[in-house]
Amino acid sequence: MERYNPKTIESKWQKKWADSQIYVAKDFDDKPKYTVLTEFPYPSGAAMHMGHAMTFGGGDIVARYKRAQGFNVLFPMGFDAFGLPAESFAIKNKVTPQMAVEQNIAHFRHQLERMGYSFDWSRSFSTTDPEYYKWTQWLFLQFFKAGLAYQDEININWCPFCKTGLANEEVINGRHERCDNLVEKKKLKQWLLKITDYAERLIDGLKDVDYPSRVADQQINWIGKSIGAEVDFTVADQEYKIKVFTTRPDTLFGATFMVLAPEHSLVSKITTKEQKAAVDSYIKATQGKSDIERQDTNRAKTGVFTGAYAINPATQERIPIWIADYVLMGYGTGAIMAVPAHDDRDWEFARKFNIPITEVIGGGNIDREAYTGDGKLVNSGYLDGLDVEEAKRKIVTELAKKGIAQEKVNYKLHDWVYSRQRYWGEPIPIVHCDKCGAVPVPDNQLPVELPIVDHYEPTGDGQSPLSKIETWVNTACPKCKEPAKRETDTMPNWAGSNWYYLRYFDPHNNETFADAKKLKYWGMVDLYMGGMEHTTLHLLYSRFHHQFMYDQGLVPTPEPYAARRGHGMLLTTDGTKMSKSKDGGVVDPISVADDGYGVDAVRMALAFLAPYDQSTPWSPEAVAGCYRFLTRVWNLVNEPVKKSSAKSPEDVIIQKTINKTIKKVGADLEKTNFNTAIAALMEALNEFSKIKNKGSAVWHEAIRKYIQLLAPFAPHVTEEIWCEVWQEKESVHLSKWPEYDEKLTVDEFVKIGVQINGKLRGEIEVTNDTAEAEALKLAGQDANVAGYLDGKKSKKVIYVAGRILNIIV
RNA sequence: GCGCGAGUGGCGGAAUUGGUAGACGCUGCAGACUUAAAAUCUGUUGACCUUAAAAGUCGUGAGGGUUCAAGUCCCUCCUCGCGCACCA
């Protein structure tokens, strides 16, 4: 008998699968379709890491399972190759980004093939292919034409290291998520996408899709919806009005001062001569602070009085207007009405600057702290006696009559800063003309290709390197044909991934981004697997993109992904996050496979280690264990046995085992519970190993099914057994998923516990329809139980058939 | 501070949704095979107390409660992880 040798087996089958194209998905097949998508990678020059293997491995298991179930499965793969890392790699290695990407894709694809994933490579593409980004640009123009892409001069997040503007979502704790450098503010003219128009839809749509609650909650949280009111305050003795947003209009009578963000446009207008010096120096000090400093909640409140007053519209009293950096220009209107009695921050501020604190909601002790709970209104004129909710409604109604307040919903979500000052991205297909303004490049001139240049290092002056290429920049206005200039900013690295899943449905179409019939056939992605870290980035962006496309009639479904699953993080053995900077931190799946365990064992270990969505420490022993398991499977099927048609007394056990296992593995796969599915397969192997007569017909049928169950998890060794050991003509991965007989999944006899007064004292063997009296009799025969029952009367008997017998004495 | 999730053996983790806690894997221990080791196979592996055997007591972060019965349900609290964070 040959030893299990993954190395020769794996490379052989990977080649055969590629040659026979068994994983190629067919458009418009009669079978029901199933689209399983795994986030496509950025092809770096480095080794593939465990996070990739988690994503692709999970997708591959599902893809193989669904194929076996008779679905026409689309399991595609491509590359997301625009963006900063490719450019940095190119600069470092002194090659062009185009060359770097080509090399890296070849390298990465080779690794993916080495892992044996069942991707349909015929549909592969890179977001950097001009035939692809033509449509990325075209889609941008649809946003532009719909008024959802616009230019604005705003204060944006600027990464001084990468020398580019960033979206809000790309800033984590005040640092650029890619390079970890501190982000600055910079005023630049930028392209933005109006994602805020879709804030409500992005929340709503989550109801109709199956996302882990963690993911849905995080998106809802990020969008940050709050319901409240906008109220106008007039500045005393001046013509200005200050608009504020508040979620607590009920506390208006308690507003004893106002605060403007230092950047607020009214600040310079209302500040008095006496206060000007103080205000100016405060603004200057604020500008010198980083976002991290400014957002530190533990910092003591600072601020300065403008000298101006506003009129509280409820009390008609004059209240001072301050500026303070705890009020952010980026949220609401950049101005607040401060109610120190019922807001922690306002309370702290008022205390520090000796501003009066007026209680308007009873129930707290405002001398000690702000009271933010419920209660009855006090000191509030016509609101007195109402509770908070009633008061909110009443005051907004009253003020609305006078035209100084209205209900308002606010979101934390900001419009998406969509331009980058880097070379390696899709050029924004706009021409700037002195006469006609921003003019879209006509469809027949797309794509606007990136010019090949010698220098593409970022300039750092807020201009894209493209701006230095005069021959490219200078063009004719598509409208009036007069000389005009191209937009030189490029799109963010997220642009290509916004809609890539749609392109898999029809990857080679030159007429449109994807044919409508194919969009309809492959429709919604049934299962989308990816990393948790993309929840408020790519996943949110692409949902927005898709919703817009739906509104434009470009796609048939309102949401892109029917279900989302994210994998947990692999931690180092000491429980910390795997990172490149740490010694031995990153383990690469292929080198582990090359150590002799093989790809199948590595893939199984990743699936077996922990529940799919849970973070867990990486364990090299787990791979060894899975290798051992696969070796045992290999030895079992290769064990020489005498074939016989005779029935064996062990047949019943064999049948029960395989039927139970089919049921369990199928149920677990539906829930992406890979770890328990594998445990069930291991359990079954243990049962099978104990069988003495391995020659019966029942045995052969069962072991055949067993290999089919194992196939999605260990595709190579099962294929070798199927096609070489058993000489089947067609791949195990094209075979039909075995069915089970419900009757054969139930054991005739089960052991149930016997409890006396709720404590386990014995065990009896019963059937599911053993009567209570019979069960009691059996229990009485157990010496230990009998000892406890001896001489005592049973008060009560609880008997749950097939579960438990509990006797109360 | 807000939102979400999790606390079970030496370790990773199971537990049919209230019914014999610790499946499966790893590790450890003992044995078989071997000149020896590796590999493989067999047994064993929650703690305590006893042990000739059987039995027994405790045990799912802590404390309380509901129930014949709680890892699972309810209340109070603690710890850890993730995300957001001066969001008005």
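This is a predicted model, so every value here is computed, not measured. Within every chain, numbering begins at 1; the chains are lettered A, B, ... in the order of the sequence lines, protein sequences first and strands thereafter.
- A donor atom on one side chain and an acceptor atom on the other are not found under 3.5 Å apart for A:Thr657 and A:Tyr706.
- For B:rU67 and B:rG19, the C1' atoms lie 12 Å apart once the distance is rounded to whole Å.
- At the phosphate of B:rG81, neither OP1 nor OP2 sits under 4.0 Å from any side-chain N or O atom of A:Ser615.
- Comparing atom distances between the A:Ala679 side chain and each of B:rA23, B:rC4, B:rC84 picks out B:rA23 as nearest.
- B:rG46 and B:rC11: their P atoms are spaced 13 Å apart (whole Å).
- Rounded to the nearest Å, the gap between the C1' atom of B:rA52 and that of B:rG71 is 37 Å.
- No donor-acceptor contact under 3.5 angstrom links the side chains of A:Ser226 and A:Asn410, judged on distance only.
- Atom-to-atom, CZ of A:Phe713 to P of B:rG25 comes out at 15 Å; the value is rounded to the nearest Å.
- For B:rA39, the OP1/OP2 oxygens have no side-chain nitrogen or oxygen of A:Arg628 closer than 4.0 Å.
- Mapping A:Thr247 and A:Ala610 onto RNA chain B by nearest heavy atom places A:Ala610 closer to the 5' end of the strand.
- Candidate nucleotides B:rA14, B:rC24, B:rC84 were compared by shortest atom distance to the side chain of A:Pro611, and B:rA14 ranks first.
- If you check B:rG71 for Watson-Crick or wobble pairing at under 3.5 angstrom, you find it has no partner at all.
- For the P atoms, the distance from B:rC4 to B:rA23 is 34 Å, rounded to whole Å.
- A donor-acceptor pair shorter than 3.5 Å can be found between the side chains of A:Thr55 and A:His567.
- For A:Asn675, the listed nucleotide lying nearest its side chain is B:rG13; candidates were B:rU20, B:rG25, B:rG13.
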_So if I define the base as every atom that isn't primed, P, OP1 or OP2, how would nucleotides 42-59 of chain B read as a B/S/- string at a heavy-atom cutoff under 4.0 Å?_
-------------SSSS-
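- Side-chain proximity of A:Glu683 to B:rA23, B:rA88, B:rG83: nearest is B:rA23.
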*Do nucleotides 67-74 of chain B as a string where each nucleotide becomes B, S or -: B if the base has a protein heavy atom under 4.0 Å, S if just the sugar-phosphate does, - if no protein is that close.*
-B------
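- When distances run from any side-chain atom of A:Phe608 to the nucleotides B:rG19, B:rC84, B:rG12, the shortest one goes to B:rG12.
- As judged by a 4.0 angstrom heavy-atom cut-off over every strand, A:Ile223 is placed among residues making no nucleic acid contact.
- No donor-acceptor contact under 3.5 angstrom links the side chains of A:Glu169 and A:Trp416, judged on distance only.
- Of the N and O atoms on the side chains of A:Glu200 and A:Tyr411, at least one donor lies less than 3.5 Å from an acceptor on the other residue.
- When heavy atoms are screened at a 4.0 angstrom cut-off, A:Gln614 is found touching the sugar-phosphate backbone but no base atom.
- Residue-level contact check: A:Gly625 touches the backbone only, with heavy atoms under 4.0 Å from sugar-phosphate atoms and none from bases.
- Pair assignment for B:rC48: B:rG56, on the basis of Watson-Crick or G-U wobble contacts that are both within less than 3.5 Å.
- Of the nucleotides present, B:rU42 is the one that pairs with B:rA30 by Watson-Crick or G-U wobble criteria, both distances under 3.5 Å.
- Relative to the side chain of A:Glu621, the nucleotides B:rA88, B:rU27, B:rG83 differ in distance, and B:rU27 lies closest.
- Contact of the A:Val665 side chain with the A:Leu681 side chain is registered, since non-hydrogen atoms from C-beta on lie closer than 4.5 Å.
- Residue contacts for A:Asn410: at a heavy-atom cut-off of 4.0 Å it reaches no nucleic acid atom on any strand shown.
- Among the atoms of the strands shown, base atoms are found under 4.0 Å from some heavy atom of A:Ile752.
- Classified by its glycosidic torsion, B:rG9 falls in the syn category, the angle being within 90° of 0.
- Remark: C1' of B:rC84 and CD of A:Glu533 are 17 Å apart, rounded to the nearest angstrom.
- For the residue pair A:Asp782/A:Tyr788, the side-chain donor-acceptor check at 3.5 Å is not satisfied.
- Judged by distance alone, the side chains of A:Glu39 and A:His534 do bring a donor and an acceptor atom under 3.5 Å apart.
- Remark: C1' of B:rC4 and CD of A:Gln219 are 14 Å apart, rounded to the nearest angstrom.
- In this pair, A:Tyr4 and A:Trp634 present their aromatic rings tilted. The plane angle is within the 30 to 60° band.
- Within the nucleic acid shown, A:Glu763 comes within 4.0 Å of at least one base atom, counting heavy atoms only.
- Looking at heavy-atom distances under 4.0 Å, A:Val327 makes contact with a base.
- In terms of phosphate contacts, A:Asn686 brings a side-chain nitrogen or oxygen within less than 4.0 Å of OP1 or OP2 of B:rG25.
- Among the atoms of the strands shown, base atoms are found under 4.0 Å from some heavy atom of A:Arg299.
- Across all strands shown, A:Lys795 has no heavy atoms under 4.0 Å from either base or sugar-phosphate atoms.
- Nucleotide B:rU20 forms no Watson-Crick or G-U wobble pair with any nucleotide shown, as no partner meets the under 3.5 Å limit on both distances.
- Contact check, A:Gln218 against B:rC84: no side-chain N or O comes under 4.0 Å of OP1 or OP2.
- Aromatic rings from A:Phe349 and A:Phe257 are positioned such that their centres are separated by under 6.0 Å.
- As rounded to the nearest Å, B:rG28 and B:rC82 have P atoms that lie 31 Å from one another.
- Base pairing analysis places B:rG7 opposite B:rC78; the two distances defining the Watson-Crick or G-U wobble pair are each below 3.5 Å.
- Side-chain atoms of A:Asn686 and A:Arg632 form a donor-acceptor pair, as typed in the model, at a separation below 3.5 Å.
- The phosphate of B:rG25 has neither OP1 nor OP2 within less than 4.0 Å of any side-chain N or O from A:Ser619.
- Look at A:Asn173 and you won't find any side-chain N or O under 4.0 angstrom from OP1 or OP2 of B:rA85.
- The CZ-P distance, from A:Phe674 to B:rA14, rounds to 14 Å in whole Å.
- When the C1' atom is used for both B:rG5 and B:rU20, the distance is 30 Å, rounded to whole Å.
- Of the candidates B:rA88, B:rU20, B:rG25, B:rA88 carries the atom nearest the A:Leu328 side chain, counting heavy atoms from C-beta on.
- With both pairing distances under 3.5 Å, B:rG1 is matched to B:rC84 as a Watson-Crick or G-U wobble pair.
- The side chain of A:Thr676 sits closest to B:rA14 out of B:rA14, B:rG12, B:rC4.
- Side-chain contact annotation: A:Asn659 with A:Thr745, donor-acceptor N/O pair under 3.5 Å absent.
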